[in-house]
2 protein chains.
Amino acid sequence: MEDNIIKEKEVKPRNRDNFLIKQRAFVKLYLLSWIEQGRPYGKEMLEDFYKTFKQFNYKPNHSEVYKGLHELLDDGIITRSRIIKEGSKRQELKVYQIANMDEARRYKNQVKEDLDRSIGLLNWAVRDNF
Amino acid sequence: MEDNIIKEKEVKPRNRDNFLIKQRAFVKLYLLSWIEQGRPYGKEMLEDFYKTFKQFNYKPNHSEVYKGLHELLDDGIITRSRIIKEGSKRQELKVYQIANMDEARRYKNQVKEDLDRSIGLLNWAVRDNF
DNA sequence: GGATGAACAGTTTGTTCATCG
DNA sequence: CGATGAACAAACTGTTCATCC
């Protein structure tokens, strides 16, 4: 106990539940649904985003998708395994499966609430201003 | 032209029109509508936000409101004047008026488009994932 | 203390660089 | 070059500090 200097965490946490749903949560919601449905890998899901949202001018970048996948992994909601891409070049891919179905469902429901809240907020603004 | 070193701007601009509408635009939309309707001042509009969005758990902070007002001023869409608050303490307030009605309308329509796009995006996610 | 304004700081997310086959 | 991952940096916005009645 000599002159140990205890460095306290000095980060002040911020107000969170504020304006609209965050992109990360939105992306993770789609990732979960797609993983439930089959065994797509990261790049493929990125392109699914492009297709799905072309009409809305929304194009998430690859980092956002990978960060979403990593968070779901860290939270134990999905697991990952390696496979060799069919076809030719012994390209390695990472594919995903749901690890904890209850957690997955819980997370999706939570995102659903934030989605509904956000939609309500935006519709309210249309009603109030137009 | 001796050894003048010309410092070039090295900031790389980013892709903008991406995910959802930004809080700043959302706030400015309400500010414009309220200013059109009367002569409210900053603090009062902040409290109007609290009342309007209590049900959505959304509570913008005062800086966001003032920054929105300053941007509208800088863009010449509104003007500002000083008045003494009725009642007592010779408290000074800043009140606002529309300066350029065409620009105001143009801005609101632009925000409307982004609102609609955002609502579409979120509804799409509900449809796809639930 | 009420209102306004500005500096500062934490978070989110887009861009760039690195690695591996 | 295709896929993945991580470091870095810009943009956004929440918190704190300053000022003026």
Rounded distance in Å - [atom1] ([X]) to [atom2] ([N]):
| X | N | atom1 | atom2 | result |
| --- | --- | --- | --- | --- |
| B/Q23 | C/dT11 | CD | P | 16 Å |
| A/I83 | D/dT4 | CD1 | C1' | 14 Å |
| B/L20 | D/dC12 | CG | P | 14 Å |
| B/F19 | C/dT12 | CZ | P | 13 Å |
| B/H62 | D/dT15 | NE2 | P | 11 Å |
| B/K43 | C/dG5 | NZ | C1' | 14 Å |
| B/F49 | D/dT13 | CZ | P | 13 Å |
| A/K59 | C/dG14 | NZ | C1' | 12 Å |

Are [X] and [N] close enough that a side-chain N or O sits under 4.0 Å from OP1 or OP2?
| X | N | value |
| --- | --- | --- |
| B/Y41 | C/dA3 | yes |
| B/K94 | C/dG5 | yes |
| B/R80 | C/dA3 | no |

If you measure from the Lys or Arg side-chain nitrogens to the Asp or Glu carboxylate oxygens, is any gap between [X] and [Y] under 4.0 Å?
| X | Y | value |
| --- | --- | --- |
| A/K43 | A/E47 | yes |
| A/K51 | A/D48 | yes |
| B/K112 | B/D116 | yes |
| B/E64 | B/K28 | no |

Would you find a donor on one side and an acceptor on the other, under 3.5 Å apart, between the side chain of B/R117 and the backbone of A/F56?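 Such a contact is found between B/R117 side chain and A/F56 backbone.
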
For B/I77, does its backbone N or O pair with a side-chain atom of B/D75 as donor and acceptor, under 3.5 Å?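 It does not hold such a pair.
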
In terms of the angle between their ring planes, are A/F53 and A/F26 parallel, tilted or perpendicular, with boundaries placed at 30° and 60°? tilted

In degrees, rounded to 10°, what is the bend between the two ends of the helix from C/dG1-D/dC21 to C/dG21-D/dC1, using five pairs at each?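 Result, rounded to 10 degrees: 30°.
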
Residues in side-chain contact (heavy atoms from CB on, under 4.5 Å) with A/T52, at least two apart?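 By the side-chain contact (heavy atoms from CB on, under 4.5 Å) rule, A/T52 matches A/Y30, A/W34, B/W124, B/D128.
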
Under 4.0 Å, heavy atom to any atom of DNA chain C: which of residues 63-74 of chain A qualify?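 Within this stretch, A/S63, A/E64, A/K67 sit under 4.0 Å of the strand.
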
Select base, sugar-phosphate, or nothing to describe what B/R82 touches, counting heavy atoms under 4.0 Å on all strands. nothing

Report yes or no: is the cationic atom of B/K59 (NZ for Lys, CZ for Arg) closer than 6.0 Å to the six-membered ring centre of B/Y50, at no more than 45° off its axis?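 Checked: cation-pi criterion met.
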
